[in-house]
Amino acid sequence: MPSTEIFIHFESLAIGLSQLFDLADKIQLGLADKNIGQYEGHSFSPDYKKVMLALTSENADALIDTIKPILKETDYIKSSFAEIKYLDNRIIRIDI
């Protein structure tokens, strides 16, 4: 079954790259535990303040429900939202 693309954007107060990699590891473990999607990669601004995580899943809602608590418990995330790109190229933005 084809996968939907999910892009998680957030403002970060992280003080270094290791914190962002730790977050990516937590998200990957959460997805693997529920077999709900795939972590595809990330990008960030040079100062690590703006971060985008790329993920895919056959069930975008379940993926967001899985990673939402991880983002909420991460004290260096200031604000976050998801962009869900469906197979018909519709893009929906939701606050997390």
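Shortest non-hydrogen contact noted between Y76 and Q19 is OH-O, 2.6 Å.
Using cut-offs of 30° and 60° for the angle between ring planes, the Y48 and F44 rings count as tilted.
Note on L55: it clusters hydrophobically with I94, by side-chain heavy-atom contacts below 4.5 Å among ILVMFWY residues. Side-chain heavy atoms closer than 4.5 Å link hydrophobic residues (I, L, V, M, F, W, Y) into clusters, and following such links, even through other members, never connects F7 to I96. Following chains of ILVMFWY side-chain contacts shorter than 4.5 Å, one cannot reach I8 starting from I91, and the two form parts of different hydrophobic clusters. Hydrophobic clustering, with ILVMFWY side chains joined whenever heavy atoms are under 4.5 angstrom apart, keeps M52 apart from L31.
Contact of the I84 side chain with the I64 side chain is registered, since non-hydrogen atoms from C-beta on lie closer than 4.5 Å. Between T66 and L63 the shortest side-chain heavy-atom distance does not fall below 4.5 Å. Residues K78 and L13 meet the side-chain proximity criterion, which asks for heavy atoms closer than 4.5 Å. Contact of the L20 side chain with the S12 side chain is registered, since non-hydrogen atoms from C-beta on lie closer than 4.5 Å. A 4.5 Å side-chain heavy-atom check between L53 and F10 finds at least one atom pair inside the cut-off.
In this structure, S57 contributes its side chain and N59 its backbone to a donor-acceptor pair below 3.5 Å. Side chain of T4 to backbone of A60: no donor-acceptor contact under 3.5 angstrom is found.
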> Would L23 and V51 count as a side chain to side chain contact (heavy atoms under 4.5 Å, CB included) if you check the C-alpha gap in whole Å, the side-chain angles of each, and the deciding distance to 0.1 Å?
Replying inline: CA-CA 11 Å; L23 175 62; V51 180; over 6 Å; no

> Going through the distances and angles, do K85 and L87 end up as a side chain to side chain contact (heavy atoms under 4.5 Å, CB included)?
Replying inline: CA-CA 7 Å; K85 183 178 180 185; L87 297 174; over 6 Å; no

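Distance check: L17 CG to H42 NE2 gives 6.5 Å after rounding to the nearest 0.5 Å. Distance check: K72 NZ to D75 CG gives 13.5 Å after rounding to the nearest 0.5 Å. Note that CG of D65 and NZ of K34 are 8.0 Å apart. Values are rounded to the nearest 0.5 Å. Considering CD1 of I6 and OG1 of T56, their distance stands at 6.5 Å, rounded to 0.5 Å. One finds the CD atom of E11 at 10.0 Å from the OG atom of S80 (value rounded to the nearest 0.5 Å). A distance of 8.5 Å separates CG of D25 from OH of Y39, quoted to the nearest 0.5 Å.
Heavy-atom neighbours of N35 CG from other residues, nucleotides or ligands within 6.0 Å: at or below the threshold of 12.
Residues K49 and D47 are not paired through a salt bridge, judged by the lack of any N-O separation under 4.0 Å between the basic side chain and the carboxylate.
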